[in-house]
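Written out below as structure tokens is the structure these notes cover.
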Amino acid sequence: MTERYVMSIDQGTTSTRCILFDHGGRLVSVAQREHRQYFPRPGWVEHDPVEIWRNLERIAPEALAQAGVTVNQVAAVGIANQRETTVLWDRLTGVPIGRAIVWQDLRTGALVDELGRAPGAALVAERSGLPLATYFSAPRIRWLLDHTPGLRERAERGEVLFGTMESWLIWNLSGGVDGGVHVTDVTNAGRTLLMDLRALSWDDGLLRFFGVPRAMLPEIRSSTETYGTARRVFPGVRIGAALGDQQAALFGQACFAPGETKCTYGTGAFLLMNTGTAPVKSDNGLLTTVGYKIGDEPAVYALEGSIAITGALVQWFRDGLGLITTAPEIETLARSVDDNGGCYIVPAFSGLFAPHWRSEARGVIVGLTSYITKGHLARAVLEATGWQTREVVDAMNADSGLGLKELKADGGMTSDNLVMQMVADVLNVPVERPMVVETVSLGAAYAAGLAVGYWSGLEGLRRNWHRAARWVPAMEPARRDAEYGNWKRAVERTFDWIRAGEDPASAP
């Protein structure tokens with residue numbers, strides 16, 4: 001009997017990857033290609049959607065060829081994508097309306113401030129579960145409609161389509177101008193500020209508030225179902241799943257029960273806690289979001305906490321300060337001392353994300369004395385990841401009432417054993433890393449395989465999860481509490497640096 005596989009497309013911020021998985025959830029092959037980052041003005045970040053599509057066309061055959069697999073052996077394709085990145089394209093020609101505006105882009109800041117003062121602004125958080133911020137898609141759609149002559153009229157006539165990256169790829173895979181399917185899933189639709197979080201449908205009040213024509217929006221579907229059959233790249237293969245990347249990681253980490261939590265540690269960090277089939281409103285600076293939806297089953301919701309700077313702080317220590325030459329060296333340097341020597345680093349390079357959401361914050365190093373060496377600084381760099389995680393977990397515990405019992409960790413920083421031990425210590429719960437660290441891609445594969453019956457259910461997927469490493473708390477409670485108090489005081493200093501109303505460039 002010919003073995004069959006599931007293909008995952010991981011369309012990320014810097015690259016696109018195709019990864020083939022077998023029935024045991026094991027990685028069989030991977031092909032990857034980076035795409036160009038465009039920075040046309042300060043604060044602007046763009047991608048070329050056509051380049052990303054062409055990259056997918058190139059790497060998919062590579063992934064199959066590496067494994068010696070034909071397209072007929074692929075049971076389904078699932079997609080995980082960078083969230084909130086906004087693409088508009090012409091329905092008749094398939095040509096994008098300029099470049100995609102990336103989730104990191106800040107050009108809509110003035111528009112968001114204006115909308116925040118408009119009547120009905122409170123409706124945004126009430127219906128969508130999200131704050132009105134530049135982070136999300138709706139302000140980007142509005143900005144493009146306002147700044148592109150004739151675009152609004154074309155969009156109202158249904159000639160222009162909107163999508164996040166999974167919509168763009170599904171449309172092209174399923175035929176493009178020749179019958180392409182225009183859909184999105186609930187996890188991505190829920191990051192636009194246009195979807196009613198409970199009804200899981202586009203909300204007329206939110207559409208009016210942002211001035212977005214309904215005719216340009218994709219159909220909202222579940223995360224796990226057959227959207228259509230690929231006619232390009234994977235001809236004849238069913239397209240069975242789409243999830244935003246962090247929700248895909250939640251799925252890939254088998255966090256299927258309320259209270260189960262994952263954190264992806266990369267340049268920044270993203271914590272998601274499964275909160276069950278009812279959305280939990282956050283009073284502590286977290287985002288309420290859809291975790292996933294399997295077919296006709298009720299949606300599963302999550303609380304999300306985003307940390308802007310984790311791995312990027314190690315990069316700064318290497319490239320900005322030149323104290324190490326490679327990132328792995330920081331663990332050895334940090335182990336050269338027993339503690340941080342009373343030094344704390346808060347990496348608010350461009351503000352702090354969850355749970356503070358303070359854009360005026362700036363990074364600080366506190367507790368410097370002549371005793372401090374580069375080893376103490378290295379330790380403070382790594383500890384910053386632990387303390388920031390603790391702040392988000394405290395908020396999650398308070399909002400959900402569930403109480404974190406263990407943390408499943410993935411991402412590049414999990415290769416640093418000292419960091420993971422620090423996280424276990426400050427959270428006072430075990431931290432586990434899975435055998436398959438490509439959890440974003442694995443989650444998309446799992447969801448697609450479920451849609452076509454390749455896997456029979458969640459319990460089977462849970463059995464596929466295998467632990468590669470585990471760290472248990474070892475810090476004395478008195479020391480943990482004292483150091484956390486020091487960290488909180490250091491965070492307060494980040495808010496004091498720039499005086500209210502002053503231009504950051506002129507601050508003392």
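Because the structure is predicted, anything quoted here is derived from the model rather than measured. Just so you know, these numbers use all the heavy atoms, side chains as well, and skip hydrogens, waters and symmetry mates.
- Within 6.0 Å of the CZ atom in Phe270, the count of heavy atoms belonging to other residues, nucleotides or ligands exceeds 12.
- Residues Thr389 and Thr385 approach most closely at OG1-O, 2.7 Å, considering heavy atoms.
- A 4.5 Å side-chain heavy-atom check between Val6 and Tyr446 finds every atom pair outside the cut-off.
- Ring planes of His47 and His35: perpendicular class, angle over 60° (limits at 30 and 60°).
- Shortest non-hydrogen contact noted between Val364 and Ala490 is CG2-O, 3.7 Å.
- At distances below 3.5 Å, not a single donor-acceptor pair connects side-chain atoms of Glu114 with backbone N or O atoms of Ala110.
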- prompt: Between Trp44 and Phe39, is a side-chain contact (heavy atoms from CB on, under 4.5 Å) present by the stated rule, with each step listed?
  reply: CA-CA 5 Å; Trp44 290 29; Phe39 306 100; over 6 Å; no
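- In this structure, Asp185 and Gly244 approach most closely via the heavy-atom pair OD1-N, 4.4 Å.
- Listed by first and then second residue, the ring-ring contact (aromatic ring centres under 6.0 Å, His included) pairs that reach into residues 103-138 come to none, sequence neighbours excluded.
- Both tests do not hold together for Arg140 against Trp143: distance to the six-membered ring centre under 6.0 Å, angle to the ring axis within 45°.
- Scanning for side chain to side chain contact (heavy atoms under 4.5 Å, CB included) contacts around Arg36 gives Tyr38, Glu51, with sequence neighbours left out.
- To the nearest 0.5 angstrom, Thr264 atom OG1 is 12.5 Å from Met413 atom CE.
- In terms of the salt bridge (Lys or Arg N to Asp or Glu O under 4.0 Å) criterion, residue partners of Arg107 (sequence neighbours excluded) are, by chain and number, Glu46, Asp105.
- In this structure, a donor-acceptor pair under 3.5 Å is present between the side chains of Thr16 and Gln11.
- Counting only N and O atoms by type, the side chains of Arg83 and Gln247 include a donor and acceptor under 3.5 Å apart.
- Of all the heavy atoms in Ser223 and Tyr292, the pair that sits closest is OG-CA, 3.7 Å.
- Residues Leu271 and Ile307 form a side-chain contact, since some pair of their non-hydrogen atoms from C-beta on lies under 4.5 Å apart.
- Without hydrogens or angle criteria, Thr267 side chain to Gly311 main chain gives no donor-acceptor distance under 3.5 Å.
- Separating the CG atom in Leu144 from the CZ atom in Arg99 is a distance of 12.5 Å, to the nearest 0.5 Å.
- Between Glu219 and Arg221 a salt bridge is recorded (basic side-chain N to carboxylate O distance below 4.0 Å).
- Arg191 and Thr289 share a side-chain donor-acceptor pair at under 3.5 Å.
- Looking at Asn81 and Glu166, their side chains do bring a donor and an acceptor atom within 3.5 Å of each other.
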message: side-chain contact (heavy atoms from CB on, under 4.5 Å), that's the test. Do Asn172 and Arg232 meet it? Break it down for me.
response: CA-CA 8 Å; Asn172 279 287; Arg232 303 158 73 181; 3.7 Å; yes
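- Counting heavy atoms from C-beta outward, His356 and Glu391 have side chains that approach closer than 4.5 Å.
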field: Step-by-step side-chain contact (heavy atoms from CB on, under 4.5 Å) determination, Ile97 to Val160
entry: CA-CA 8 Å; Ile97 311 297; Val160 173; 4.3 Å; yes
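- For the pair Arg127 and Asp203, the salt-bridge criterion is met [side-chain N within less than 4.0 Å of a carboxylate O].
- A donor-acceptor contact closer than 3.5 angstrom is absent between the side chains of Gln82 and Asp245.
- Atoms OH and CZ, on Tyr344 and Arg493 in that order, are 15.5 Å from each other to the nearest 0.5 Å.
- Between the side chain of Asn274 and the backbone N or O of Cys255 there is at least one donor-acceptor pair closer than 3.5 Å.
- Taking 4.5 Å as the limit, every side-chain heavy atom of Ile239 sits out of range of all side-chain heavy atoms of Leu169.
- Atom CD of Glu34 is separated from atom OG1 of Thr13 by 12.0 Å, given to the nearest 0.5 angstrom.
- The nearest pair of heavy atoms linking Phe251 to Gly443 is CD2-O, 3.6 Å.
- The closest side-chain heavy-atom distance from Phe21 to Ser8 is below 4.5 Å.
- Rounding to the nearest 0.5 Å gives a distance of 11.5 Å between CZ of Arg91 and OG1 of Thr93.
- Seen from the ring of Phe210, Arg142 does not count as a face-on cation partner, given the 6.0 Å and 45° thresholds.
- A side-chain donor-acceptor contact under 3.5 Å links Ser282 to the backbone of Asn284.
- Under the 3.5 Å distance criterion, with hydrogens and angles disregarded, no donor-acceptor pair is assigned to the side chains of Ser137 and Glu84.
- The shortest heavy-atom contact between Lys262 and Asp410 is CD-OD2, 4.1 Å.
- Looking only at distances, a side-chain donor or acceptor of Ser174 sits under 3.5 Å from a matching main-chain atom of Val181.
- The backbone N or O of Ile309 lies less than 3.5 Å from a partner atom in the side chain of Gln388, making a donor-acceptor pair.
- Ala122 meets the side chain to side chain contact (heavy atoms under 4.5 Å, CB included) test with no other residue; sequence neighbours excluded.
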message: Pair Val212, Thr192 - check side-chain contact (heavy atoms from CB on, under 4.5 Å), show working.
response: CA-CA 11 Å; Val212 172; Thr192 61; over 6 Å; no
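- For the pair Leu92/Val177, no side-chain contact is recorded, criterion being any heavy-atom separation below 4.5 Å from C-beta on.
- Looking at Glu329, its side chain does come within 3.5 Å of a backbone N or O of Thr326 through a donor-acceptor pair.
- Listed for the Thr86 side chain is no donor-acceptor partner under 3.5 Å among the backbone atoms of Ile141.
- Relative to the six-membered ring of Tyr265, Arg433 misses at least one condition, a distance below 6.0 Å or an angle of at most 45° to the axis.
- Looking at Glu383 and Arg390, no side-chain N of the basic residue comes within less than 4.0 Å of a carboxylate O on the acidic one, giving no salt bridge.
- Atoms SG and CG, on Cys263 and Leu272 in that order, are 9.0 Å from each other to the nearest 0.5 Å.
- With sequence neighbours excluded, the residues that form a salt bridge (Lys or Arg N to Asp or Glu O under 4.0 Å) with Arg54 are Glu57.
- A donor-acceptor pair is defined here as one N or O able to donate and one able to accept, closer than 3.5 Å; no such pair exists between the side chain of Thr148 and the backbone of Leu145.
- The closest side-chain heavy-atom distance from Leu382 to Ile330 is below 4.5 Å.
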- request: Please step through ring-ring contact (aromatic ring centres under 6.0 Å, His included) for the pair Trp89 and Trp168, ending with a clear verdict.
  value: CA-CA 9 Å; Trp89 68 94; Trp168 167 247; 5.2 Å; yes
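- Side-chain contact between Glu62 and Arg33: present, with at least one pair of heavy atoms (C-beta onward) separated by less than 4.5 Å.
- With sequence neighbours left out, Arg238 forms a salt bridge (Lys or Arg N to Asp or Glu O under 4.0 Å) with no residue at all.
- Under 3.5 Å, the side chains of Ser201 and Asp196 contain no donor-acceptor pair of N or O atoms.
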